[in-house]
Amino acid sequence: MELNYEEIKEILPHRQPFLLIDKVTDLKPGESAEAIKCVSGNEPFFQGHFPEKAVMPGVLILEALAQTGAVAILGLPENKGKLAFFGGVKNCRFKRQVVPGDVLHLRCQLTRMRGNVGFGEVTAEVEGEIAVTGEISFAIGEA
């Protein structure tokens, strides 16, 4: 299943400038999600990171990955209208810089749920080259 930008906003509470995924290219609710972020030189964070050499902050790539995972878990009917709070990250590796003009391919495979706490393996790639890998955790809560 694919979701356009407006459909993403029906699932996630994030809005500009903090909604960091543009399109969901594959969604299996409760299992996985794949999304894209078209990185533009007009992103507000590039004004300060870094003015002389624009590089997307790693924490924002992680946030985009977390939002991708949130779509996967909040796409379940029983989680409609709830929030997914970022709980943590481990085994994160940054392998490539992400710069204006890149199309960031984001993947989150949910690996397990324990009550309202979930875990997922995440990967971000640009043109088939891995930019970030890691594991995330999150908690499902009421809006």
Side-chain angles (χ1 to χ4, degrees), residues 1-76 79-141 143:
M1 168 188 331
E2 288 190 3
L3 300 176
N4 65 32
Y5 190 74
E6 295 304 317
E7 292 167 322
I8 293 167
K9 292 191 318 185
E10 291 175 15
I11 296 174
L12 296 181
H14 304 79
R15 296 296 180 262
Q16 287 302 323
F18 211 68
L19 180 55
L20 297 175
I21 56 177
D22 296 322
K23 181 179 182 178
V24 173
T25 56
D26 188 35
L27 172 61
K28 296 178 182 84
E31 294 179 29
S32 65
E34 296 184 18
I36 59 170
K37 164 69 176 158
C38 298
V39 182
S40 165
N42 292 323
E43 306 282 354
F45 50 80
F46 285 136
Q47 294 176 29
H49 198 274
F50 300 97
E52 302 302 317
K53 179 166 174 44
V55 176
M56 186 171 181
V59 295
L60 294 182
I61 300 170
L62 281 172
E63 175 62 27
L65 287 163
Q67 289 179 18
T68 302
V71 168
I73 198 64
L74 296 177
L76 289 169
N79 291 331
K80 185 174 177 62
K82 294 184 179 178
L83 299 174
F85 297 99
F86 201 164
V89 62
K90 66 182 196 177
N91 300 322
C92 181
R93 298 290 178 262
F94 295 92
K95 300 177 179 266
R96 179 196 193 281
Q97 292 180 351
V98 176
V99 299
D102 285 344
V103 176
L104 200 52
H105 293 265
L106 308 155
R107 291 180 188 86
C108 180
Q109 177 71 46
L110 301 176
T111 55
R112 68 185 191 280
M113 286 292 296
R114 191 176 307 141
N116 69 333
V117 177
F119 302 87
E121 294 178 358
V122 295
T123 305
E125 296 180 0
V126 175
E127 295 179 4
E129 188 179 347
I130 293 176
V132 178
T133 62
E135 300 168 46
I136 61 170
S137 63
F138 53 89
I140 304 297

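Just so it is clear, the model here is predicted, and its values are computed rather than measured. For reference, positions follow the sequence shown, starting with 1.
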_Inter- and intrachain pairs under salt bridge (charged side-chain N to carboxylate O under 4.0 Å, His left out), touching residues 98-116, at least two apart_ = Glu34-Arg107, Arg96-Asp102, Arg107-Glu125
*asked:* Can you tell me how far apart CE (Met113) and CD1 (Ile140) are? Round to the nearest 0.5 Å.
replied: 5.5 Å
*Would you indicate whether the side-chain heavy atoms of Ile21 and Ile8 approach each other to under 4.5 Å?*
yes
_In the structure I gave you, are the side-chain heavy atoms of Phe85 and Asn116 within less than 4.5 Å of one another anywhere?_
no
*Look only at the side chain of Thr111 and the backbone of Phe119, and say whether a donor-acceptor pair between them is shorter than 3.5 Å.*
yes
*Where is the tightest heavy-atom contact between Ala143 and Gly81, given as atom of each residue plus distance?*
CB-O, 3.2 Å
*With side chains defined as the heavy atoms from C-beta onward, is the minimum distance between Glu31 and Leu110 less than 4.5 Å?*
no
*Applying side chain to side chain contact (heavy atoms under 4.5 Å, CB included), run through Leu62 and Phe94 and close with a yes or a no.*
CA-CA 10 Å; Leu62 281 172; Phe94 295 92; 4.1 Å; yes
_Using every non-hydrogen atom in the two residues, find where Phe46 and Ser40 come nearest and quote the distance to one decimal._
CE1-O, 3.1 Å
*Expected output: side-chain Glu135 to main-chain Asn91 donor-acceptor under 3.5 Å*: no
*asked:* Is the shortest side-chain heavy-atom distance between Leu104 and Met56 below 4.5 Å?
replied: yes
*Is atom CD of Gln16 surrounded by more than 12 heavy atoms (other residues, nucleotides or ligands) closer than 6.0 Å?*
yes
*asked:* Restricting to side-chain hydrogen bond (donor to acceptor under 3.5 Å, both in side chains), what partner residues turn up for Lys95, sequence neighbours left out?
replied: none
*What distance separates Lys37 NZ from Leu106 CG, expressed to the nearest 0.5 Å?*
9.5 Å
*Nearest-0.5 Å distance that lies between atom OH in Tyr5 and atom CD in Glu10*: 13.0 Å
*Does any N or O in the side chain of Glu7 come within less than 3.5 Å of the main-chain N or O of Val24, such that one atom is a donor and the other an acceptor?*
no
*Considering non-hydrogen atoms only, spot the tightest contact between Ala54 and Val99 and give its length.*
O-CG1, 3.4 Å
*Glu121 vs Thr123 side-chain heavy atoms within contact, under 4.5 Å*: no
*Phe86 side chain near Gln67 side chain, heavy-atom distance below 4.5 Å*: no
*Which value, rounded to the nearest 0.5 Å, describes the distance between Ile11 atom CD1 and Ile73 atom CD1?*
11.5 Å
*asked:* Are Cys92 and Val132 packed together at the side-chain level, in the sense that at least one heavy-atom pair is separated by less than 4.5 angstrom?
replied: yes
*At their closest point, which heavy atom of Cys38 faces which heavy atom of Glu43, and how far apart are they?*
O-OE2, 3.7 Å
_Working note: Lys9 + Leu19, criterion side chain to side chain contact (heavy atoms under 4.5 Å, CB included); need CA distance, chi angles, decisive distance, verdict._
CA-CA 8 Å; Lys9 292 191 318 185; Leu19 180 55; 3.6 Å; yes
*Taking His49 for the side chain and Val55 for the main chain, is one N or O donor matched with an acceptor at less than 3.5 Å?*
yes
*Passes side chain to side chain contact (heavy atoms under 4.5 Å, CB included), Thr68 versus Val122? Steps please.*
CA-CA 9 Å; Thr68 302; Val122 295; over 6 Å; no
*asked:* I'd like to check Leu74 versus Leu12 (side-chain heavy atoms, cut-off strictly below 4.5 Å). Are they in contact?
replied: yes
*Please report the shortest heavy-atom distance between Leu65 and Cys108, naming the atom on each side.*
O-CB, 4.4 Å
